[in-house]
Amino acid sequence: MAFCICAQTESARLGHTGCLIRGHSMSRQVVTRFAPSPTGMLHIGGVRTALFCWLFARKHGGRFILRIEDTDLSRSTDDNIRIIEEGMAWCGLDWDEGPIVGDPGQWKGPHGPYRQMQRMDLYKAKIQELLDKGLAYRCRCSRETLDERRKAVEAAGKVFQYNRGLDAGRGCADANHDASESAAIRFRMPTGGDIVVADLIKGETRFPADSLDDWIIARTGEGPGEIGVPTYNFCVVVDDTHMEVTHVIRGDDHLNNTPKQIPLFAAFGYDLPAFAHVPMILGADGAKLSKRHGATSITEYQAMGLLPSAVRLALARLSWTPKIDGKAVETAEEELLTDEQMIQLFDLADCQKSAARFDMDKLQWLNQKLIQRASWQELEPHLRSFMPAEWTVKPDAWKAQAIHATQKGKSLTDMAEALRFAFERPATFDEKAAEKFMTPAVKPALREVAALADYNHDRLEADFNAILERHSLKTKDLAQALRVALCGKPVSPGIFDTLILVGREEVVARLERWL
RNA sequence: GGGGCUAUCGUCUAGGGGUCAGGACACCGCCCUUUCACGGCGGUAACACGGGUUCAAAUCCCGUUAGCCCUACCA
């Protein structure tokens, strides 16, 4: 059987689509896709893959597709699809084609629908085409006989391969079954030689064709003549070509699936897309990232008070080293890339081949740095979900002061917590601190603070120092006493910021009980 | 078992024949300081192992080991 092993060209290695894809146009628009299966929450590893697809498409002025692979009927749910859509949206990974959030019946883009279960007619037609060409065949072997044969081969210490090796001659390949009985459909795989995958990240890898077998492309149908639900490896090939995907960027757990898919592209007469298999993300202990490691779902990261921009950067920096003029980023300053810089710098050639462990410390550092750089306006939409509704909005001057005072926090939750004193009177007081700082000597000074009228920062500082002078107190004495009175604890932003954020009227009210 | 991928400080990584093996995060120390932080400065710390090739190997080759993936009518 003839099929094209099609090693990709140097231009593919460089990420150019050139004449690689389907030959027609020399400069085809780049198209990438993220194709999650809605069988659970949106995993952080999936988000990273999606991010690479998104970055690549954006860099090359191409399109990014979101496609839902819901052919696993038993595990896919509409709820999970919603979770994926919302997670992607929160993360800022907008798709040009795909489902419309919250509306299962609608989609955008010319290649819809973007849920595989809604594309059955296409798949069935393509399977029939393969059947007609003799490139696929009906297999009536039951699960039971398959299990028996598998056991027999494994007992002999060999690998079970359908109709291959010890199982050769026992398959349905030459049986010419008609459609009178229900059957699964198998794809006729080539034998002999290597199937090569020219991967943009992993390089060229070869798989002996004889290590593969005739795999099932469609499950057993409901009744005679019915073609059942096609399997993943089949749907991907059909969809990727029909959606004109030029660059298949996916997790490297799919690298082994690629040699199964390549002969299928050939059987359909399709040219190959470029492949890039990105390494996995591992937990801190080097094991596969699971619930045991803490947060795996993107929604958990959102709940932790992380900025989507920080999550994007942290995820991108796992397995990717941005290079500026051929030199890897060196300083902390250079690490803090904006989305625009990431898009500009992104290159699959600068991606690592090996798996990376998830680094929560780095994520938090990035988050802190990004918070420091943001304006209140940029932060407010994210911050709001961490602030109780009763915390009413204050004037712009207050916002400026607030951001100046609390921006040292590592997370949005830290910031919201650091702002609590500005909205709520302390319910309790730190006894030890009160005892230590609320000395008789400090009270007269406190009384003078209560009398201050001008809450301009510099003026406040000057008046404050004058009070210290009059009472022979150290800054610390008065500042800590004030913190206890205003915040209930000896920790708060700079004391003048604290005063301003609470506001004169409220300062006086909170001071009253101590005078 | 078969096939495939991977291997540099604790973590993310740069470096791809000759480097004191570089950076970032974390950690430790010092400084700053009105609290907590922020910030500044400095420090500890790595080429998985064994064989080759070579004047010279982290770098090239071959093994070994370890981890991961595929080997489903899952995706």
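Numbered from 1 within each chain, the chains take letters A, B, ... in sequence-line order.
Separating the OG1 atom in A:Thr406 from the CE atom in A:Met415 is a distance of 3.5 Å, to the nearest 0.5 Å.
Following rounding to the nearest Å, A:Leu501 (CG) and B:C36 (P) show an atom-to-atom distance of 19 Å. Here B:U13 presents its C1' atom at 7 Å from CZ of A:Arg317, a figure rounded to the nearest Å. Between A:Asp285 atom CG and B:A66 atom P there is a gap of 18 Å when expressed in whole angstrom units. Following rounding to the nearest Å, A:His277 (NE2) and B:U6 (P) show an atom-to-atom distance of 13 Å. A:Ile495 has its CD1 atom 13 Å from the P atom of B:C36, to the nearest Å. In this structure, A:Lys489 atom NZ and B:U34 atom C1' are separated by 16 Å, rounded to whole Å. As rounded to whole Å, 17 Å separates atom P of B:A14 from atom CG of A:Asp325. As rounded to whole Å, 11 Å separates atom P of B:U35 from atom CG of A:Asp477.
Taking the six-membered ring wherever Trp is involved, the centroid distance between the rings of A:Phe358 and A:Tyr301 falls below 6.0 Å.
Among the heavy atoms of the strands lying under 4.0 Å from A:Gln368 are primed sugar atoms or P, OP1, OP2 only; no base atom is included. Across all strands shown, A:Thr475 has heavy atoms under 4.0 Å from base atoms, whether or not it also approaches the sugar-phosphate. Contact annotation for A:Gly251: no contact, since no heavy-atom pair falls under 4.0 Å across all strands. Nucleic acid contact for A:Phe464: none, since no nucleic acid atom lies under 4.0 Å from a heavy atom of the residue. Nucleic acid contact class of A:Lys158 (heavy atoms, under 4.0 Å, all strands): none. A:Arg357 comes within 4.0 angstrom of the backbone, heavy atoms only, and of no base. At a threshold of 4.0 angstrom between heavy atoms, the contacts of A:Gln364 with the nucleic acid are absent. Counting any heavy atom pair closer than 4.0 Å across all strands shown, A:Lys410 reaches sugar-phosphate atoms only and no base atom. Using a 4.0 Å heavy-atom cutoff across all strands shown, A:Gln372 reaches sugar-phosphate atoms only and no base atom.
Summarising the base pairing, B:G18 is matched to B:C55 through a Watson-Crick or G-U wobble pair whose two defining distances lie under 3.5 Å. Taking a pair to require two hydrogen-bonding distances under 3.5 Å in either a Watson-Crick or a G-U wobble arrangement, B:C47 remains unpaired. Of the nucleotides present, B:U65 is the one that pairs with B:A7 by Watson-Crick or G-U wobble criteria, both distances under 3.5 Å. Look at B:C41: its Watson-Crick or wobble partner, with both distances under 3.5 angstrom, is B:G29. In this structure B:C73 sits in no base pair that meets the Watson-Crick or G-U test at under 3.5 Å. In this structure B:U34 sits in no base pair that meets the Watson-Crick or G-U test at under 3.5 Å.
For the C1' atoms, the distance linking B:A45 with B:C55 amounts to 32 Å, nearest Å. One P atom belongs to B:C9, the other to B:G52, and the distance between them is 25 Å to the nearest Å. Between the P atoms of B:G29 and B:C62, the separation comes to 47 Å (whole Å). Rounded to whole Å, the separation between the C1' atoms of B:U54 and B:C27 comes to 40 Å. Straight-line distance between the C1' atoms of B:U64 and B:C73: roughly 39 Å, to the nearest whole Å. Atom C1' of B:G4 sits at a distance of 50 Å from the matching atom of B:G40, rounded to the whole Å. Rounded to a whole angstrom, the distance from the P atom of B:G16 to that of B:A21 is 15 Å. As rounded to the nearest Å, B:A57 and B:G51 have P atoms that lie 13 Å from one another.
Side chains of A:His242 and A:Asp239: a donor-acceptor N/O pair is absent below 3.5 angstrom, by distance only. Side-chain polar atoms of A:Asn256 and A:Thr258 form no donor-acceptor pair below 3.5 angstrom. Donor-acceptor pairing under 3.5 Å is recorded for the side chains of A:Glu69 and A:Gln116. No donor-acceptor contact under 3.5 angstrom links the side chains of A:Arg373 and A:Thr338, judged on distance only. In this structure, a donor-acceptor pair under 3.5 Å is absent between the side chains of A:Gln401 and A:His457.
In this model, the phosphate group of B:C36 is not approached by any side-chain N or O of A:Gln480 to a distance below 4.0 Å at OP1 or OP2. For B:U33, neither phosphate oxygen OP1 nor OP2 lies less than 4.0 angstrom from any side-chain nitrogen or oxygen of A:Lys408.
Comparing A:Pro208 and A:Val329 by the nucleotide of RNA chain B whose heavy atom lies nearest to each, the residue mapping closer to the 5' end is A:Pro208. Nearest-nucleotide positions on RNA chain B place A:Val491 closer to the 5' end than the other of A:Lys369 and A:Val491.
Glycosidic conformation of B:C38: syn, with the torsion inside 90° of 0.
You'll find the side chain of A:Leu370 stays beyond 4.5 Å of the side chain of A:Trp365, heavy atoms only. Side-chain contact between A:Arg206 and A:Ile195 is absent, with no heavy atoms from C-beta onward closer than 4.5 Å.
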Protein proximity profile, nucleotides 67-75 of chain B - base contact B, sugar-phosphate-only contact S, no contact -, cut-off 4.0 Å on heavy atoms: --BS-SBBB

Full working for salt bridge (charged side-chain N to carboxylate O under 4.0 Å, His left out) between A:Lys151 and A:Glu148: CA-CA 5 Å; A:Lys151 256 183 229 159; A:Glu148 274 172 38; over 6 Å; no

